[in-house]
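To find a chain, count down the sequence lines: A is the first, B the second, and so on, and within it residues start at 1. All values below come from the heavy atoms of this structure, side chains included, with hydrogens, waters and symmetry mates left out.
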Number of protein chains: 2
Amino acid sequence: MNLLPATLFSALAHDTRLRCLVLLLEYQELCVCELTEAIGAAQPHMSRHLGQLREAGLVTDRRAGLWIHYRINPELPSWAMSVIVETAKGVGGLEPFASDLSALVAMPDRSAAPRCA
Amino acid sequence: MNLLPATLFSALAHDTRLRCLVLLLEYQELCVCELTEAIGAAQPHMSRHLGQLREAGLVTDRRAGLWIHYRINPELPSWAMSVIVETAKGVGGLEPFASDLSALVAMPDRSAAPRCA
DNA sequence: ACCAAATATTCGGTCAATCGAATATAGCGA
DNA sequence: TCGCTATATTCGATTGACCGAATATTTGGT
């Protein structure tokens with residue numbers, strides 16, 4: 001897969017999108033309502049930015065009934081994956097991500113259907 | 001040193017700035033005219049983007065007579081440094097960087113005063 | 001067929017990034 | 001002091017990112 005540096009970095013330059021990727025890195029797969037709740041954003045906001053991530057080729061989506069599950073595109077070039085991983089490592093224990101990650105820990109059981117707002 | 005992810009990634013999202021960082025990573029220190037020649041941009045263009053890198057805290061500058069030498073800020077957080085290194089590794093052998101890097105190889109001897117346009 | 005939940009899109013407006021061209025500043029040597 | 005070289009800044013214009021609010025689409029259940 002081909003990915004221009006500017007495409008990746010423009011995507012990572014927005015907190016909402018970066019946090020989505022960090023969360024997807026940890027949880028493999030999350031649906032929109034889970035991401036929305038974890039980040040505490042409005043639904044159209046999340047949908048817009050997930051759309052941008054999809055258009056950039058950074059994530060893939062999978063429809064399962066009413067929900068749409070996103071995951072990091074498994075075909076990402078390895079340098080891009082490394083960039084995301086290094087960012088997640090460096091930024092994981094710091095503000096403004098700590099609060100969001102702890103919110104995520106309290107997320108409903110992923111084996112059941114997500115309990116959305 | 002503190003560096004917001006959005007600050008780093010916004011900087012990396014522009015090809016000129018990304019290439020400057022990749023070049024500085026390889027050459028430790030370069031002056032503006034060397035970067036300008038290597039990238040093949042107009043001088044105000046380079047100056048503007050170097051200014052942004054400086055404002056973002058990603059590079060430091062050192063005046064030596066008429067020339068101003070830039071280098072990657074040695075106080076960058078390690079995750080940011082890792083991001084730059086991984087990007088340089090992944091992108092180094094590919095377009096559109098290959099042509100620029102080969103142009104750099106042909107750069108004048110760095111031990112002498114730079115021969116600028 | 002209809003309703004409700006999850007997700008996506010459109011619209012109008014604002015603010016920031018970028019550019020080319022022109023101009024300004026700073027240091028050096030004669 | 002003057003002029004040259006390297007670098008920085010300003011200006012006006014264009015383009016693109018982002019937002020909130022409203023609306024549309026898709027799907028499953030009844």
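- Judged purely by distance below 3.5 Å, without hydrogens or angles, the side chains of B:Y27 and B:R71 never pair a donor atom with an acceptor atom.
- Taking side-chain N and O atoms only, B:Y70 has no distance below 4.0 Å to OP1 or OP2 of D:dA6.
- In the set C:dT18, D:dT7, C:dA8, the nucleotide with an atom closest to the side chain of A:V32 is C:dA8.
- With D:dT7, D:dA6, D:dT27 as the candidates, the nucleotide lying closest to the side chain of B:L66 is D:dA6.
- A:H49 has a side-chain polar atom (N or O) that falls below the 4.0 Å cut-off from OP1 or OP2 of D:dC19.
- Where B:L50 and A:P44 each meet DNA chain D at their nearest nucleotide, the meeting point lying more 5' is that of B:L50.
- Dashed line: the shortest gap from a side-chain N or O of B:H45 to OP1 or OP2 of C:dC19 is under 4.0 Å.
- Of all nucleotides listed (C:dA8, D:dT9, C:dT18), D:dT9 comes nearest to the side chain of B:S47.
- For A:H69 and D:dT26, the NE2 to P distance is 19 Å, given to the nearest whole Å.
- The side chain of B:Q43 contributes no N or O atom lying less than 4.0 Å from OP1 or OP2 of D:dT5.
- Remark: P of C:dA26 and CZ of B:R62 are 20 Å apart, rounded to the nearest angstrom.
- Summarising the geometry, the separation between CD on A:E55 and P on D:dC18 is reported as 13 Å, rounded to the nearest angstrom.
- Between the CZ atom of B:R48 and the P atom of D:dA6 there is a distance of 20 Å, given to the nearest Å.
- Note on A:R54: a side-chain N or O is less than 4.0 Å away from OP1 or OP2 of C:dA8.
- Rounded to whole Å, the distance from CD on B:Q52 to P on D:dT7 is 18 Å.
- Taking atom CE of residue A:M46 and atom P of nucleotide D:dC19, one finds them 10 Å apart after rounding to whole Å.
- As a whole-Å value, the separation of A:I68 CD1 from D:dT26 P is 11 Å.
- Rounding to the nearest 0.5 angstrom, the gap separating the CG atom in A:L8 from the CG atom in A:L3 is 5.5 Å.
- Between B:R17 and C:dT18 there is a side-chain polar atom (N or O) within less than 4.0 angstrom of OP1 or OP2.
- Residue whose closest nucleotide on DNA chain D sits further toward the 5' end, between A:A13 and A:R63: A:A13.
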Chi angles and distances behind the side-chain contact (heavy atoms from CB on, under 4.5 Å) call for B:H69, B:W67: CA-CA 6 Å; B:H69 299 266; B:W67 304 284; 4.0 Å; yes
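- Judged purely by atom type and a 3.5 angstrom limit, B:R17 has no side-chain atom pairing as donor or acceptor with the backbone of B:L12.
- Residue B:H14 places its side chain closer to C:dT18 than to any other of C:dT18, C:dA26, C:dT7.
- Between A:W67 atom CH2 and C:dA5 atom P there is a gap of 13 Å when expressed in whole angstrom units.
- Taking the six-membered ring where the residue is Trp, A:F9 and B:F9 present parallel rings, their angle staying beneath 30° rather than reaching 60°.
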